[in-house]
Q: 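The structure's right below; bear with me while I get my questions together.
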Amino acid sequence: MRRLLFPAVALGALLSAGAANAACGDITLAVFSWQSAEAMSNVDQFILKNGYGCNATTVAGDTVPTITAMIEKGQPDISSESTPSLLGDVYTKGAAEGRISQIGTAISDGQVSGWYIPKYVADAHPDIKTVDDAMKHPELFPAPEDPSKGGVIQGPQGWGDTVVTAQLYKAIEGDKKGFELVPTGSAAALDGVISKAYEQKQGFLAQYWAPTSLLVKYPMVRLEMAHDDAEWARCTSKQDCPDPKPNYWKQAEMVTLASSKFTSRGDVGPVKDYFAKRSWTQAEVGKVMLWMTDNQANGEDGAKWFIKNMPEVWTKWVPADVAEKVKAAL
């Protein structure tokens, strides 16, 4: 009798799981190549699969082609972390036609680029808060190859942030203020220059962005400056513009997008509620990214580490019974 009972129980469990999956259905989540997006998409997959019983799968993508496919073909269903303001007409037209929409916030304080200085320099010189303040003190930010000049460390050629840095430097006439641009050939080289200077407690001024694991490991302070949308479109973001004016990055929103094919479904109400509540801060995702970097881990590993080690964050996103299912799945 016991031998007959076990298959019945197992069959019941399978039928129950199948019913849960059927109730939620198939959901595809785009995974982008940068750490925060990779981690977020995998967190979403784990919670939707184990907490809500969805058949949640991830598909590799990149910002423009993925958003275009969501608008034109309705797939994938979800982009966990996107910046619509950087997509231009691709997103604006699709949203106006009702083909794609924002259903949640990925990072509550967004993503932001800028010029950064080490926190220990900012603490020692509280008067330095803006780009203009820093330009008055080249001696505090010596260039690696020529300490007699200040250095503005920039990323590799081809990056949008590198273009903006060069245009900003030109606009404020950095050469005349005792500075020089310090190019780096890759993301790894940029991180290497910053890491070496930080560990030696040297002053430096570098182009960077948040959230990143580097800013968690090596705390830095973003210098302030005004932003003008019209000037950004006219010149700041264009490499060949000959007459830039002083202008700076603004904070970019990091949101969750869904195709209309997904939002029009009748079986995803609880999932929509999840995305409406689900978001983390730069500091929170930074901790995950640092763990991923230190452990050479991928987004799937990072998601599991986050769910195990930071329940105070994600349990606020879901009902108590869903949270228990997610914890049990670990």
Q: Using side-chain heavy atoms (C-beta onward) and a distance below 4.5 Å, is D133 in contact with H125?
A: no
Q: For K170, look at atom NZ and say whether over 12 heavy atoms of other residues, nucleotides or ligands are found less than 6.0 Å away.
A: yes
Q: For the pair E81 and W34, evaluate side chain to side chain contact (heavy atoms under 4.5 Å, CB included) and give the outcome as yes or no after the intermediate values.
A: CA-CA 10 Å; E81 182 182 297; W34 60 90; 2.6 Å; yes
Q: For Q282, run the side-chain contact (heavy atoms from CB on, under 4.5 Å) check against I107, L215, V216 and tell me which one passes.
A: I107
Q: Are any of the side-chain heavy atoms of K245 and D228 separated by less than 4.5 Å?
A: no
Q: May I ask you to check whether over 12 heavy atoms, not counting those of D89, lie within 6.0 Å of atom CG?
A: no
Q: Using side-chain contact (heavy atoms from CB on, under 4.5 Å) as the criterion, point out the one residue from I153, I117, V121 that pairs with L205.
A: I117
Q: Taking the basic N atoms (NZ, or NE/NH1/NH2) and the acidic carboxylate oxygens, is any pair closer than 4.0 Å for R234 and D243?
A: yes
Q: If you count every heavy atom of other residues, nucleotides or ligands that lies below 6.0 Å from E312 atom CD, does the total exceed 12?
A: yes
Q: Nearest 0.5 Å, what's the NZ-CD1 distance between K272 and I103?
A: 8.0 Å
Q: Do you reckon M220 sits in the same ILVMFWY cluster as L290, going by side-chain contacts under 4.5 Å, direct or chained?
A: no
Q: Establish whether M292 and V31 are linked, either directly or via other cluster members, by ILVMFWY side-chain heavy-atom contacts under 4.5 Å.
A: no
Q: Are V326 and W317 close enough, and set up right, to give a side chain to side chain contact (heavy atoms under 4.5 Å, CB included), and what steps lead you there?
A: CA-CA 12 Å; V326 172; W317 307 341; over 6 Å; no
Q: Keeping the roles fixed (side chain from Q167, backbone from C241), state whether a donor-acceptor pair exists under 3.5 Å.
A: yes
Q: Is E145 atom CD crowded by more than 12 heavy atoms from other residues, nucleotides or ligands, each under 6.0 Å away?
A: no
Q: Taking atom OG1 of T236 and atom OH of Y248, what is their separation to the nearest 0.5 Å?
A: 12.5 Å
Q: Less than 4.5 Å apart, any side-chain heavy atom of V322 and any of Y274?
A: no
Q: Under the criterion side chain to side chain donor-acceptor pair (under 3.5 Å), I'd like the reasoning laid out for T165 against Q207: C-alpha separation, chi angles, the key distance, then a yes or no.
A: CA-CA 7 Å; T165 289; Q207 157 202 323; 3.0 Å; yes
Q: Partners of A329 by side-chain contact (heavy atoms from CB on, under 4.5 Å), sequence neighbours excluded?
A: F46, N50
Q: Would you say W232 and V90 are hydrophobically clustered, going by side-chain heavy atoms of ILVMFWY under 4.5 Å?
A: no
Q: Find out whether S195 and Y218 are in side-chain contact, i.e. whether some heavy atom of one side chain is under 4.5 Å from a heavy atom of the other.
A: yes
Q: Ignoring hydrogens and angles, state whether a donor on the side chain of Q45 or S80 is under 3.5 Å from an acceptor on the partner side chain.
A: no
Q: Do N42 and F306 have side chains that get closer than 4.5 Å, going by heavy atoms?
A: no
Q: Among side-chain atoms of D175 and Y169, is any donor-acceptor pair under 3.5 angstrom?
A: yes
Q: Does the side chain to side chain contact (heavy atoms under 4.5 Å, CB included) test come out yes or no for V164 and S113, once each step is laid out?
A: CA-CA 10 Å; V164 174; S113 296; over 6 Å; no
Q: Decide side chain to side chain donor-acceptor pair (under 3.5 Å) for Q35 and T293; before the verdict, give the C-alpha distance in whole Å, the side-chain angles of both, and the deciding distance to 0.1 Å.
A: CA-CA 9 Å; Q35 273 187 326; T293 299; 3.1 Å; yes
Q: Quick check on the hydrophobic clustering: are I78 and V59 connected, directly or via other members, by side-chain heavy-atom contacts under 4.5 Å?
A: no
Q: For the ring pair W209 and W159, is the centre-to-centre distance below 6.0 Å?
A: yes
Q: If we count only N and O atoms by modelled type, under 3.5 Å, do the side chains of Q111 and T83 hold a donor and an acceptor together?
A: no
Q: Heavy-atom count check: over 12 atoms from other residues, nucleotides or ligands less than 6.0 Å from Q239 CD?
A: no
Q: Please tell me if the side chains of V288 and E284 come closer than 4.5 Å, counting only heavy atoms from C-beta onward.
A: no
Q: For K201, which residues count as a side-chain contact (heavy atoms from CB on, under 4.5 Å) partner, sequence neighbours excluded?
A: Y120, Y198
Q: For residues I27 and C54, report the shortest heavy-atom separation together with the two atoms involved.
A: CD1-SG, 3.9 Å
Q: For the hydrophobic clusters of this structure (ILVMFWY residues joined by side-chain heavy atoms under 4.5 Å, transitively), does one cluster hold both M254 and W249?
A: no
Q: Hey, are K304 and E300 close enough for a salt bridge, meaning a charged N less than 4.0 Å from a carboxylate O?
A: yes
Q: Using a 3.5 Å distance criterion without hydrogens, assess whether the side chain of R265 forms a donor-acceptor pair with backbone atoms of C24.
A: yes
Q: Check P246 against A171 and note the closest heavy-atom contact, atom names and distance.
A: N-CB, 3.5 Å
